[in-house]
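Worth knowing before you read on, the calculation uses all heavy atoms, side chains too, and leaves out hydrogens, waters and symmetry mates. Chain identifiers are assigned alphabetically (A, B, ...) following the order of the sequence lines, protein sequences preceding nucleic acid strands; residue numbering begins at 1 within each chain. Since the structure is predicted, the reported quantities are computational estimates derived from the model, not experimental observations.
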Protein chains: 4
Amino acid sequence: MEFRDNQAIYAQIADLMCENVLSGAWKPGERIPSIRETAETSQVNPNTVVRTYGYLEEKGIIRNQRGVGFFLSDDAYEITRKLKKETFESRELPRMFRIMELLSIGIDDLQVIYDAHRDASGKEKAL
Amino acid sequence: MEFRDNQAIYAQIADLMCENVLSGAWKPGERIPSIRETAETSQVNPNTVVRTYGYLEEKGIIRNQRGVGFFLSDDAYEITRKLKKETFESRELPRMFRIMELLSIGIDDLQVIYDAHRDASGKEKAL
Amino acid sequence: MEFRDNQAIYAQIADLMCENVLSGAWKPGERIPSIRETAETSQVNPNTVVRTYGYLEEKGIIRNQRGVGFFLSDDAYEITRKLKKETFESRELPRMFRIMELLSIGIDDLQVIYDAHRDASGKEKAL
Amino acid sequence: MEFRDNQAIYAQIADLMCENVLSGAWKPGERIPSIRETAETSQVNPNTVVRTYGYLEEKGIIRNQRGVGFFLSDDAYEITRKLKKETFESRELPRMFRIMELLSIGIDDLQVIYDAHRDASGKEKAL
DNA sequence: GTGGTCTAGACCACC
DNA sequence: GTGGTCTAGACCACA
């Protein structure tokens, strides 16, 4: 697993798990991989995963059944969705709109720019 | 001045200055506030501003006239615009689209969500 | 059965059994539920109950008649009472008094606070 | 510094700091010892203190000024008091009353028992 | 100097 | 087997 530099690894793993919840790959109530398992899969130290799980548990997304493992809480989907939506609306979106205004980019241009850039970076990789 | 936790202060100050350039508040060639001045205005340690100016200078957005002060370079606008546009396309936009997909938000919804949230947070402040 | 997070499950089960003894629900000499039975009732792993019974046996509160089952010892009541009283005086009470001092709560306030909180949490459940 | 076995060290340190707040030894807004400082004072690993501070920050009791240190938040006293009071009322007190009922101890007996036990254990130490 | 993160490895209680 | 905690030590970004 590759990680970005500008964000803590434990947070990136948490993000991935949130995506698993939102995409429906992980169902509420389901058991998630053990700390050691995730650590091996992601090639990180178990302690790092401990932090990830601690964060998710605190948010109410997962819960610990002692001696058994971690499970998605029943409201995992709702909580995750609410969490992501809130930060999206209060943080990402305002920032986006400010940048768009400064660069004179309209909402209608977004799809075009996105597609163009994806194609370009895709071509780059292919080379 | 309030700063976000998830980004270095020096970078946030640099961002603000970039916005000044892009919005036209600061014109190419113009003198910008001294390190000491900015430090006082923003309530941060002068060392932090040193770092901001170092970063901007490295990017070619400002230049230092020794003993006189810092000035926007003649290409400040173009450089800043290119810089912002690049990171917007390669970093912000892809990230946005991924979140939007997970949350089932379409491009058409953006304006509505943005307005709604701005109104809501505005009302909150008013209370 | 619901368990608290901050205490081992085996200990919580032991506590419940001690309460049964002290309240008179269980009489000295009486047979107590089998490990398997308790495990099923409490929805825990039988190994956990084994530990509970081992602990209680070590304290002399119960004894094992091989092939037959577990029985309260004849002194079960006295032993349990002494045990509880000791930990109450040496651990719970001092802790309580320290907290009460920090929160400026007097002994005379206890009953009022307790009743108020019980009513409040009761009302909450009723909703 | 000596720590009890039945509670995590990082939590015990957090408790001590809460007591400092409640007792008025630490005033809201005040700077608290740095992580390294506390680690040395308490004779624990800095990482352990990191956890303590992380916990307190999450609760809103302290806040971090980047590169400078940790400070008690302005509401440190209120938050701490509320926190302690809540766990006292919802956890300690009900537990206490149940034990008292089982042991036939009345509220009026508490002070006597407490004093008696303190004297006894004090004498023990003196020997 | 400050805190933040990560690794490596250990020990423990618990299920 | 599970998670929880702690240590020791390292590196980093930041003020």
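- Nearer to the 5' terminus of DNA chain F, by closest-nucleotide assignment, is the contact made by Ile32(A) (compared with the other of Ile32(A) and Ala11(D)).
- Shortest non-hydrogen contact noted between Phe71(D) and Gly29(D) is CD2-O, 3.5 Å.
- Gln65(A) has its CD atom 17 Å from the C1' atom of dG4(F), to the nearest Å.
- Regarding Tyr55(A), its OH atom lies at a distance of 16 Å from the P atom of dG4(E), rounded to whole Å.
- Around the CD atom of Gln7(A), the shell of radius 6.0 Å holds more than 12 heavy atoms that belong to other residues, nucleotides or ligands.
- When the salt bridge (Lys or Arg N to Asp or Glu O under 4.0 Å) test is applied to Asp75(B), no partner is found at least two apart in sequence or on another chain.
- The distance between atom CD of Glu57(D) and atom C1' of dT2(E), rounded to the nearest whole Å, is 13 Å.
- When heavy atoms are screened at a 4.0 angstrom cut-off, Tyr53(D) is found touching no nucleic acid atom at all.
- Counting only Watson-Crick and G-U wobble pairs whose two distances sit under 3.5 Å, DNA chain E takes part in these stems of three or more pairs: E:1-14 with F:1-14.
- When the nearest nucleotides of DNA chain E are assigned to Val50(D) and Arg31(D) by heavy-atom distance, the more 5′-ward of the two goes with Arg31(D).
- The CZ-C1' distance, from Phe70(D) to dT2(E), rounds to 9 Å in whole Å.
- Among residue pairs with one or both ends in residues 39-64 of chain B, those qualifying as ring pair (Phe, Tyr, Trp, His ring centres under 6.0 Å) are Tyr53(B)-Phe70(B); sequence neighbours excluded.
- Minimum interatomic distance between Pro94(C) and Glu89(C) (heavy atoms only, all atoms of both residues): CD-O, 3.1 Å.
- The minimum heavy-atom distance linking Gly69(A) with Asn64(A) is given by the pair O-OD1, 3.2 Å.
- When the C1' atom of dG4(E) is taken as reference, atom CD of Gln12(A) falls 14 Å away, rounded to whole Å.
- Whole-Å rounding puts the Glu40(A) CD to dG1(F) C1' distance at 14 Å.
- Using a 4.0 Å cut-off between charged side-chain N and carboxylate O, Asp15(A) and Lys84(A) make a salt bridge.
- Listed by chain and number, the residues in a salt bridge (Lys or Arg N to Asp or Glu O under 4.0 Å) with Glu19(A) are Arg98(B) (sequence neighbours excluded).
- The interatomic distance linking Ile35(A) (CD1) with dT5(F) (P) rounds to 10 Å, in whole Å.
- When the P atom of dT2(F) is taken as reference, atom CD1 of Ile62(A) falls 15 Å away, rounded to whole Å.
- Applying the salt bridge (Lys or Arg N to Asp or Glu O under 4.0 Å) rule to Arg95(B) yields the partners Glu92(A); only residues at least two apart in sequence or on another chain are considered.
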Inset, instruction - Any chance you could list the contact pattern along nucleotides 8-15 of chain E? Use B for base contacts, S for sugar-phosphate-only contacts and - for none, protein heavy atoms under 4.0 Å, 5' to 3'. - result: BB----BS
